[in-house]
Enquirer: 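Sharing a structure here in structure tokens format.
We name chains A, B, ... by the order of the sequence lines, and we start the count at 1 in each one.
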Protein chains: 2
Amino acid sequence: MVQDTPDVAAWAALLRVHAALVPVLDRELQAAHGLPLTWYDVLLELNAAPGRRLSMGELGAAAVVSRTRVSRVVDQLAAAGLVAREANPDDRRSAYAAITEAGRKRLRAAAPTYLAGIQRHFTARMTAREAAVVATALEKVLSAD
Amino acid sequence: MVQDTPDVAAWAALLRVHAALVPVLDRELQAAHGLPLTWYDVLLELNAAPGRRLSMGELGAAAVVSRTRVSRVVDQLAAAGLVAREANPDDRRSAYAAITEAGRKRLRAAAPTYLAGIQRHFTARMTAREAAVVATALEKVLSAD
DNA sequence: TAGAAGTGTGTGCGCACGCACATTCCTACG
DNA sequence: CGTAGGAATGTGCGTGCGCACACACTTCTA
């Protein structure tokens, strides 16, 4: 449709899938658990981190949300009691964000909704082999420079 | 990293690739041709349409940009002389956006930059077979309901 | 040790974006 | 033929988002 070469077709399809699915998944998550996708992403990353905490810079690099935006999102999450700001004794410029028990509970409650949404809107439309190829191909793109 | 199942890995990788590459490609396009990615997308869709024009609703459905946003983007493009608003005699509610000759020229000039960026940042990191699988898999997702 | 350079973080500001609504017009139904 | 309902579009408004900058602190260098 957009261009004849399969390279461009892959990129164009990625853009469209993103534009089509992100709002849907975000709504589902927010309707079921009052949790924006941005919050979920940050909580997920914090929960998987060693010590269940990350500095702002690390969080900005790890999560999808940009480094600049992390400050404000963490503020919101802290106001909601889902994360706690902690000081870093070794580097007093740095600030940690640590997920709280309430945050973990909220994350665990929301996960099934999100995973089911991914399954229903995304992976159910392709074969398991295709999903695996998509994952490995896109991860190779991410590891670039 | 995020979750163990390959399904979620594919979706997570898609989110990250989008977040990483879109700003880069947008900057490249804007630096080389003063053309935001949104403008490029709209111009591309109009250029490929029958009669080189589309109604606002059709444009919103075809392009990545949302239907609501189309109005304002077309305003900007019209102010820049790259598209022209046309009336629809058959339905006076409807409004056409038609790409102008200046718009086509601008699009043709920018295309090599964009395509080279896609090639360099995206498809160069995977095999041709992987790119084909990514394209077909994601297009199947799009064709859902 | 004092100063310069570099790094991590937060914030004012402007732009992009979508929602909800008003407007205009078409269409179906009595 | 008139009216109710629906469809296509544009716009005020609030929110999300990133850039550029300021600030605090660390690290390097002479």
Enquirer: I need the CG-C1' distance between A:Leu54 and C:dG8, as an integer number of Å.
Expert: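 Distance, rounded to whole Å: 14 Å.
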
Enquirer: Starting from P on C:dA16, measure out to CH2 on B:Trp39 and report it in whole angstrom.
Expert: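 Spelled out: CH2 on B:Trp39 to P on C:dA16 is 10 Å.
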
Enquirer: Is the number of heavy atoms from other residues, nucleotides or ligands under 6.0 Å of A:Arg85 CZ greater than 12?
Expert: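 Yes, because the 6.0 Å sphere around CZ of A:Arg85 holds more than 12 heavy atoms from other groups.
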
Enquirer: In whole angstroms, how far is the C1' atom of C:dA16 from the OH atom of B:Tyr40?
Expert: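 After rounding, the gap between these two atoms is 21 Å.
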
Enquirer: Any donor and acceptor pair, going by atom type alone, linking the side chain of B:Asp26 with main-chain N or O of B:Leu37 inside 3.5 Å?
Expert: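 Yes: the side chain of B:Asp26 pairs with the backbone of B:Leu37.
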
Enquirer: What is the separation between atom CG on B:Asp26 and atom P on C:dC15, rounded to the nearest whole Å?
Expert: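 The distance from CG of B:Asp26 to P of C:dC15 comes to 15 Å, rounded to the nearest Å.
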
Enquirer: Could you give the CG-to-P distance, from A:Asp90 to C:dG8, as a whole number of Å?
Expert: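 In whole Å, C:dG8 P and A:Asp90 CG are 14 Å from each other.
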
Enquirer: A:Asp75 CG to C:dG10 P: how many Å, rounded?
Expert: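 Interatomic distance, CG of A:Asp75 to P of C:dG10: 7 Å.
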
Enquirer: Choosing from C:dT9, C:dT7, D:dT9, which nucleotide comes nearest the side chain of A:Ala95?
Expert: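 The closest nucleotide is C:dT9.
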
Enquirer: Decide yes or no for B:Leu29 and B:Trp39: does some side-chain heavy atom of the first lie under 4.5 Å from some side-chain heavy atom of the second?
Expert: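 Not in contact.
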
Enquirer: Is there a residue in residues 80-87 of chain B whose heavy atoms reach under 4.0 Å of DNA chain D, and which residues are they?
Expert: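 The stretch gives B:Arg85 as the residues lying under 4.0 Å from the strand, ordered by number.
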
Enquirer: Reading DNA chain D from 5' onward, which residue's closest nucleotide shows up sooner: A:Val64 or A:Arg92?
Expert: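 Closer to the 5' end of DNA chain D: A:Val64.
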
Enquirer: For the residue pair A:Val22 and B:Leu15, establish whether any side-chain heavy-atom pair is separated by less than 4.5 Å.
Expert: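 A side-chain contact exists here, since the closest heavy-atom pair is under 4.5 Å.
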
Enquirer: With a 6.0 Å cut-off (strictly less than), is the heavy-atom count around CZ of A:Arg129, excluding the residue itself, greater than 12?
Expert: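 Counting neighbours around CZ of A:Arg129, 12 or fewer heavy atoms of other residues, nucleotides or ligands fall under 6.0 Å, so no.
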
Enquirer: Sequence neighbours left out, what passes side chain to side chain donor-acceptor pair (under 3.5 Å) with B:Arg92? Give chain and number order.
Expert: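 Here no residue qualifies.
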
Enquirer: Taking N or O atoms only and anything under 3.5 Å, show me the protein contacts with nucleotides 13-17 of chain D, one pair per line.
Expert:
{"residue": "D:dC17", "atom": "OP2", "partner": "A:Arg69", "partner atom": "NH1", "Å": "2.8"}

Enquirer: Is B:Leu46 close to B:Arg52 at the side-chain level, that is, under 4.5 Å between some pair of heavy atoms?
Expert: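 They are not in side-chain contact.
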
Enquirer: Quick one: does A:Arg93 reach the base of D:dA24 with a side-chain donor-acceptor pair under 3.5 Å?
Expert: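 Absent.
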
Enquirer: Could you state the CG-C1' distance from B:Asn88 to C:dT24, rounded to the nearest angstrom?
Expert: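 Rounded to the whole Å, the gap is 14 Å.
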
Enquirer: Assuming nearest nucleotide by heavy-atom distance, tell me which of A:Pro89 and A:Arg67 is located more 5' along DNA chain D.
Expert: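 Result of the comparison: A:Arg67.
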
Enquirer: Do B:Arg93 side-chain atoms and B:Asn88 backbone N/O form a donor-acceptor pair below 3.5 Å?
Expert: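 Checking the backbone N and O of B:Asn88 against the side chain of B:Arg93, no donor-acceptor pair under 3.5 Å is found.
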
Enquirer: A:Tyr96 OH to C:dG10 C1': how many Å, rounded?
Expert: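 That distance rounds to 18 Å.
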
Enquirer: If each of B:Asp91 and A:Gly57 is mapped to the nucleotide of DNA chain C with the nearest heavy atom, which maps nearer the 5' terminus, i.e. the 5' end?
Expert: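 Its nucleotide being nearer the 5' end, the pick is A:Gly57.
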
Enquirer: Does D:dT11 have its OP1 or OP2 closer than 4.0 Å to a side-chain nitrogen or oxygen of B:Thr68?
Expert: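 Negative; the distance criterion is not met.
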
Enquirer: For residues A:Tyr114 and A:Leu44, determine if any side-chain heavy atom of one lies less than 4.5 Å from a side-chain heavy atom of the other.
Expert: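 Result no, sub-4.5 Å side-chain heavy-atom pair not found.
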
